Amino acid sequence: MGYLLNENNFNDVIQEWQKDYLIYAPKKMLGEGMYSDTDITRYAAINDISEIEWEKKSDFSFKEVLLPLSETLFYYTEGTVKEAEANRKSGAVIFLRSCDLHAVKRLDEIYLRNGYEDFYYQRLRANVRFLVIGCSATYDNCFCVSMGTNHIDSYDAGLTINDGLFHINSHWEEMNPLFSRCSQKEAEVVIPFVTSNQINVKVPENLSIAVNSASLWKEYDSRCINCGRCNFVCPTCTCFTMQDIFYTDNGKAGERRRVHASCMVDGYTDMAGGGSYRKKNGDRMRFKVMHKVYDYKKRNGYHMCVGCGRCDDVCPEYISFSHCVNRLEDAMKEVTGNE
Amino acid sequence: MSKNEYTPFLSEILEVKKHTELEYTFRLSFNGDVRPGQFFEVSLPKFGEAPISVSGMGDGYVELTIRKVGKVTNEIFELYKGNTLMMRGPYGNGFDVEDYKDKELIIIAGGTGVSPVRGVIEYFHKNRTQVKDMTVITGFKSPSFVLFQEDLKNWNDNMKLILTVDKEDDTPSDVCENTKELPAYQVGLVTQYIPAIKVKSKTDTAILVVGPPMMMRFTVQGLLKEGYPEENIWISHERKMCCGIGKCGHCKIDDVYVCLDGPVFPYTKGRLLVD
């Protein structure tokens, strides 16, 4: 069903939702950007629809709502272990774009289906609703069309803004009476999705691990500074590292946390006793790129990368992931000698 | 609600056996199914968790051979009998003894790589008639690094056993307590002894190779050169792991999660894994 709401109407809906849900949306954080006097768009809980950044692509994704940057798993005191409570006990409504809702499927794949179901993820994932903001135009560095993530129907509600009114297409039946009550009028609503981007990528059909020996990876040895920002902004990166901390006041008590990890950053593969793998940044780049457009698909049947382009937006060395993917065809020719 | 797989359980340290200055075997209380080659995430609050492979098992216990090389393992050495450790697991596939039955079994292991295969050797030592023949080659850095000395003496009675060290100790052996009663050993790399392995039929073998990456690489090369079919070889990988259950990503190689799909791999699969 479709509903047309003005800002006040939408805030009434938000107020109603807040009884059961926290509302997360991209929000402009003034002055918090990468350089002085620049802003950043990150996810935060909002109370009012005017807080939402509608125009800019968010620099960070919604990911932290489901996978906090740092999450306490349990507290311990001597021999006892006490499970940490969830940092969010209510449900959540997340405003996000099509590519990001596609990314949720990737997070679910790893945390719910790859091996054991993850208790902590499942706890935050339960009772989360997704409100997809339509994309009328493509953003810089996006290549969602190439990755097939530009369009999605499996949202709880779709949203687009026209003539100052919020047009909502609801699949969330239990909320329909609320939408109806708060709307100016009911009408057919079509959520716009982009059908072309400025950037297109092509993952070669013959891509195989043979490409590991191609020369292009070496270029990243010196260019990449292994800061890991590409991983932290990626909505599909799921890696974490365990961390134990203990309290300085009471050395017998502490907590175990998991914190986001990056396969680009030193120490990712280090084992006790000194063993480690992929010491060169080019090898790390190769590992990441191949995971996003090759081996994840081999395991799960679809590509991991959703083409949001945030990794390109954030890279301080102007390394372009999409450009790298587009070089794979030549790299395959190089290694198979078909030039 | 799904089960919280991250919460460790307390396990009592029943017995501690010192092999070398750096390597001890801890016998820990555990009830449940476990296979050799599987691993536990062993943890000490404050210091973290580390994946440790199972080196032995029995009624109500598992044995973990732990090397003092990191902040978790260093701390474990401060604990002794009567104390407790926290564990979760077992994880990973482990070795399946069914795969090796009625074959000529060859096991080549280096250093702490002996731990994951110790359970396999023990099993066939007790059930020797279940394999046609059995050759075990164990290699260590030097006499003072030899693990499982008592086992090596026991195993000798019904299998072909070669104990080798890469080189003699730099310091006189009498400074190392554990070299006093070493069983007979040879000096040289494990690969030197591959050509001398006697089997009736190379195609009728099952071969386990476990050890440091370089040792596994050259050992497999040596085996292939001697004409052993690669389908008969199994290897076990070791990687950093923070979860053991397919989430943290650290152990992923290509489309494989060492913690879920391994750590034991048929060589035909394992050889394709490039980090």
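These numbers come from a predicted model, not from an experiment.
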For each of [options], tally heavy-atom pairs with chain A at distances under 4.5 Å, and name the one with the top tally.
options	value
B:Met86, B:Arg67, B:Lys68	B:Met86
B:Ile245, B:Val256, B:Asp275, B:Leu272	B:Asp275
B:Pro8, B:Ala50, B:Pro212	B:Pro8

* Asked: Going through the distances and angles, do B:Lys3 and A:Tyr116 end up as a side-chain contact (heavy atoms from CB on, under 4.5 Å)?
  -> CA-CA 9 Å; B:Lys3 181 178 172 279; A:Tyr116 291 94; over 6 Å; no
* Between B:Tyr6 and A:Phe74, ring centroids under 6.0 Å ->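 Between A:Phe74 and B:Tyr6, which both carry aromatic rings, the centre distance is not below 6.0 Å.
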Is a donor from one side chain sitting under 3.5 angstrom from an acceptor on the other, for [X] and [Y]?
X	Y	value
A:Thr269	B:His250	no
B:Arg239	A:Tyr277	yes
B:Asp255	A:Tyr294	no

* After noting the C-alpha distance and the side-chain angles of B:Glu49 and A:Arg256, does the key distance pass the side-chain contact (heavy atoms from CB on, under 4.5 Å) rule? -> CA-CA 10 Å; B:Glu49 278 188 313; A:Arg256 178 162 300 158; 3.2 Å; yes
Heavy atoms only, distances under 4.5 angstrom: which of [options] has the most pairs with chain B? Name it, please.
options	value
A:Asn300, A:Asn212, A:Asp118	A:Asp118
A:Asp283, A:Val81, A:Thr241, A:Leu73	A:Thr241
A:Phe240, A:Tyr111, A:Tyr121, A:Phe246	A:Phe240
A:Arg286, A:Lys297, A:Glu255	A:Arg286
A:Arg299, A:Lys252, A:Met271	A:Arg299

With a 4.5 angstrom heavy-atom cut-off, could you sort out which part of [X] is near chain A: side chain, backbone, both or neither?
X	value
B:Pro51	neither
B:Tyr257	both
B:Leu10	side chain
B:Met241	neither

Would you say that more than 12 heavy atoms from the other residues, nucleotides or ligands in this model lie under 6.0 Å from the [atom1] of [X], or not?
X	atom1	value
A:Glu85	CD	no
B:Asp33	CG	no
B:Arg217	CZ	no

* Region of A:Ile110 in contact with chain B, defined by heavy-atom distances below 4.5 Å ->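 Both parts, backbone and side chain.
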* Below 4.5 Å from any heavy atom of chain B, which atoms of A:Met290 appear? Answer side chain, backbone, both or neither. =>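 When you check distances to chain B, no heavy atom of A:Met290 falls under 4.5 Å.
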For the [atom1] atom of [X] and the [atom2] atom of [Y], what is their distance to the nearest 0.5 Å?
X	Y	atom1	atom2	answer
A:Cys239	B:Lys252	SG	NZ	8.5 Å
A:Gln243	B:Cys242	CD	SG	9.5 Å
A:Glu83	B:Thr7	CD	OG1	5.0 Å
B:Ile253	A:Asp295	CD1	CG	10.5 Å

I need the minimum non-hydrogen distance between [X] and [Y], along with the two atoms involved.
X	Y	value
B:Gly48	A:Asp244	N-OD2, 3.1 Å
B:Lys247	A:Gly115	NZ-C, 3.9 Å
B:Asp254	A:Lys298	OD2-NZ, 2.5 Å

